[in-house]
Amino acid sequence: MKHKATFSKDLLKWFEQNKRQMPWRETKDPYKIWLSEVMLQQTQVNTVRAYYTRFIERFPSIDILAETPIDDVAKYWEGLGYYSRIRNFHQAIRDVKEHYNSEVPNDPTTFLSLKGVGPYTQGAVMSIAFNHPLPAVDGNVYRVFARLDNDHFDITNSKARRHFESKVMEVMPEAAGDFNEALMELGATVCTPKAPLCMLCPVQSHCVAFEEGSVLNLPVKLKKVKKIVQQYKVLIIQKDGQIIIEQRPETGLLASMWQFPMFEMDTHVSDIEEQMDMSLFIEDTPIVKTKHQFTHLEWQLEVYIAHTKDIIPENYQLISVEDKNLYNFPVSMTKIFNYYIDNNHQV
DNA sequence: AAGGCGTGGTA
DNA sequence: TTACCAAGCCT
């Protein structure tokens, strides 16, 4: 970010003048602030408002909540989603009554140990209620700092939270709670994911992504692609002291590379013989089972020794083990080849 | 450490 | 319709 020295002051000034009214901003009660933070996890402000008000009217204090059975409490969470939140919160509140004299612990480490309190909730409650100088990094903060610093760090990476926490701490002012709230408020109302209001942004002059025109590309969030599992039988077919290989198609996965003939796991021997136009004797048990990982899929391979006396069709190649360096094999096949040699399965 | 957990809103 | 997003945490 640019002008690091004045960033926090500019943001706080904007927040003073633009913060939205919310029920939980009308109190300094740590219990109520905590409740609001739990409700706001993965849930938008407009959804939370009504739930928060009803909940606090019914359970205005830690003692009252702690003394109510969980099933009665859970009724006040119906429709809000992520229901483990209320079970964990209720358990935590009972712990607070039991072990901390019904007062929210004014100690970040103790507070973090409570059920349902993670790094975000710890930072948010401790800074807003007690002004501890801790970061409270949520999705908004990822986005705001990724843009301020034109930072292309992948936010799905497990190291992302710590990465952005350190950025927050570099500019953390004395008013920690207000600053954390201001960052989230900015992300929720101005520095939004799809249609950010950069022309209204109070820290536009600090924003490198705005300068570079990369705002809409940030933050970087790599797509999670489900790995497809493919299971194959791999045949090492022996004939007259040599073995059979084939070349893969010119396009696609492992284009034009060589491999042992392989067939989907549930292919019957008769179908294999028909496809290869050869008669085969395939041994009953695989000599080895291996896995091979690609970016987007996984091969699970069972390797079988087979024998034939037939003429080899033209689309196959009969080679000697010593000639394997003359052909281009992917790692998966090289491993099988080496296993085959090292374990004396040769003819 | 990657997946599961809920619901409502938006493009 | 589908995909993605929204103040995360637990296992």
Side-chain angles (χ1 to χ4, degrees), chain A residues 11 15 19-25 27 30 32-52 55 74-93 95 111-129 134-147 154-165 168 176-197 216-229 293 295-296 298:
Chain A
L11 182 63
F15 184 55
K19 67 172 159 185
R20 296 171 290 175
Q21 293 298 311
M22 299 177 192
W24 50 91
R25 284 184 175 156
T27 181
K32 296 177 181 175
I33 292 168
W34 181 8
L35 172 68
S36 73
E37 291 300 339
V38 175
M39 284 188 165
L40 285 163
Q41 289 169 12
Q42 299 290 286
T43 311
Q44 300 194 358
V45 167
N46 285 338
T47 306
V48 167
R49 279 201 167 90
Y51 281 89
Y52 172 87
F55 196 99
K75 291 296 289 181
Y76 288 77
W77 208 273
E78 273 187 359
L80 200 50
Y82 285 131
Y83 299 102
S84 64
R85 286 186 295 177
I86 188 54
R87 291 193 297 274
N88 291 338
F89 183 61
H90 189 246
Q91 179 60 57
I93 288 296
D95 286 348
F111 185 65
L112 179 63
S113 73
L114 296 167
K115 265 292 188 192
V117 177
Y120 166 77
T121 305
Q122 177 198 31
V125 175
M126 291 293 100
S127 67
I128 295 170
L134 295 171
V137 172
D138 69 341
N140 289 309
V141 178
Y142 284 154
R143 187 168 59 252
V144 168
F145 274 86
R147 288 170 174 174
D154 170 24
I155 65 169
T156 67
N157 187 305
S158 59
K159 294 174 182 169
R161 183 176 50 77
R162 290 181 175 284
H163 176 78
F164 286 98
E165 281 176 350
V168 172
D178 285 345
F179 183 63
N180 282 333
E181 281 200 88
L183 284 174
M184 291 186 278
E185 190 86 346
L186 184 74
T189 63
V190 176
C191 195
T192 54
K194 291 177 182 175
L197 306 172
L216 291 179
N217 301 328
L218 293 166
V220 173
K221 188 173 188 174
L222 296 185
K223 253 189 178 177
K224 293 176 197 169
V225 179
K226 258 193 181 173
K227 256 192 191 175
I228 296 168
V229 175
Q293 302 290 337
T295 310
H296 56 299
E298 173 184 313

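A, B, ... follow the sequence lines: proteins, then strands. Residue 1 opens every chain.
Atom CZ of A:Arg25 and atom CD of A:Glu185 lie 4.5 Å apart (nearest 0.5 Å).
No more than 12 heavy atoms of other residues, nucleotides or ligands shown are found within 6.0 angstrom of CZ on A:Arg162.
Here the closest heavy-atom approach between residue A:Val141 and residue A:Ala136 is recorded as CG2-O, 3.6 Å.
Distance, A:Trp77 CH2 to B:dT7 P: 13 Å, rounded to whole Å. With rounding to whole Å, A:Leu40 atom CG is found 18 Å from B:dT7 atom P. In this entry the distance linking CZ of A:Arg143 with P of C:dC4 reads 16 Å, nearest Å. In this structure, the CZ atom of A:Arg87 is 19 Å from the P atom of C:dG8, given to the nearest Å. A:Met184 places its CE atom 9 Å from the P atom of C:dG8, with the value rounded to the nearest Å. A:Leu186 places its CG atom 12 Å from the P atom of C:dA7, with the value rounded to the nearest Å. In this structure, A:Asp154 places its CG atom 13 Å from C1' of B:dA2, rounding to the nearest Å. One interatomic measurement links the two molecules: CG of A:Asn46 to P of C:dA7, which rounds to 12 Å at whole-angstrom precision.
Side-chain rings of A:Phe89 and A:Trp77 stay apart, their centers remaining 6.0 Å or farther from each other.
In the set C:dC10, C:dC9, C:dA7, the nucleotide with an atom closest to the side chain of A:Glu37 is C:dA7. Here B:dT7 is the nucleotide among B:dA1, C:dT11, B:dT7 with the atom lying nearest to any side-chain atom of A:Tyr83. Side-chain atoms of A:Lys194 lie closest to B:dA11 of the nucleotides C:dA7, B:dA11, B:dG6. Of all nucleotides listed (C:dA7, B:dC5, C:dC9), B:dC5 comes nearest to the side chain of A:Tyr82. When the nucleotides C:dA6, C:dG8, B:dA1 are ranked by their closest atom to the side chain of A:Gln41, C:dG8 comes out on top. Comparing atom distances between the A:Pro119 side chain and each of C:dC10, C:dG8, C:dC9 picks out C:dC9 as nearest. The A:Glu185 side chain lies nearest to C:dA7 when the options are B:dA1, C:dA7, B:dG6. Nearest nucleotide to the side chain of A:Gln42, out of B:dG8, C:dG8, B:dG6: C:dG8. Set against C:dT11, C:dC5, C:dA7, the side chain of A:Ala188 has C:dA7 as its closest nucleotide.
If you check every strand for non-hydrogen atoms under 4.0 Å, A:Thr47 touches nothing. Using a 4.0 Å heavy-atom cutoff across all strands shown, A:Ser36 reaches no nucleic acid atom at all. At the heavy-atom level, A:Arg161 lies nowhere under 4.0 Å from the strands shown. Within the nucleic acid shown, A:Arg49 has no heavy atom closer than 4.0 Å to any nucleic acid atom. Contacts of A:Gly79 with the nucleic acid, taken as non-hydrogen atoms under 4.0 Å apart, involve only primed sugar atoms and P, OP1 or OP2. A:Val117 comes within 4.0 angstrom of sugar-phosphate atoms only, judged by non-hydrogen atoms across all strands, and of no base.
At the phosphate of B:dA1, neither OP1 nor OP2 sits under 4.0 Å from any side-chain N or O atom of A:Lys159. Using a 4.0 Å cut-off, some side-chain N or O of A:Thr121 falls inside it from OP1 or OP2 of C:dC9.
When the C1' atom is used for both C:dA6 and B:dG6, the distance is 12 Å, rounded to whole Å. Across the P atoms, B:dG3 and C:dC4 are found 15 Å apart, a figure rounded to whole Å. With both ends at atom C1', the span from B:dA1 to C:dT11 equals 10 Å, rounded to whole Å. Annotation: B:dG8 and C:dC9 have their P atoms spaced 22 Å apart (nearest Å).
DNA chain B is contacted by both A:Ser158 and A:Gly81; A:Ser158 maps to the nucleotide lying nearer its 5′ end (nearest heavy atom per residue). Comparing A:Asn88 and A:Trp24 by the nucleotide of DNA chain C that holds the closest heavy atom to each, the one mapping nearer the 5' end is A:Trp24.
Defined by atom type and a distance below 3.5 Å, a donor-acceptor pair is present between the side-chain atoms of A:Tyr120 and A:Glu37.
With respect to A:Val45, the side-chain contact (heavy atoms from CB on, under 4.5 Å) criterion is satisfied by exactly one of A:Arg20, A:Met184, A:Met39: A:Arg20.
Using a 4.5 Å heavy-atom threshold, the side chains of A:Asn140 and A:Arg143 count as touching.
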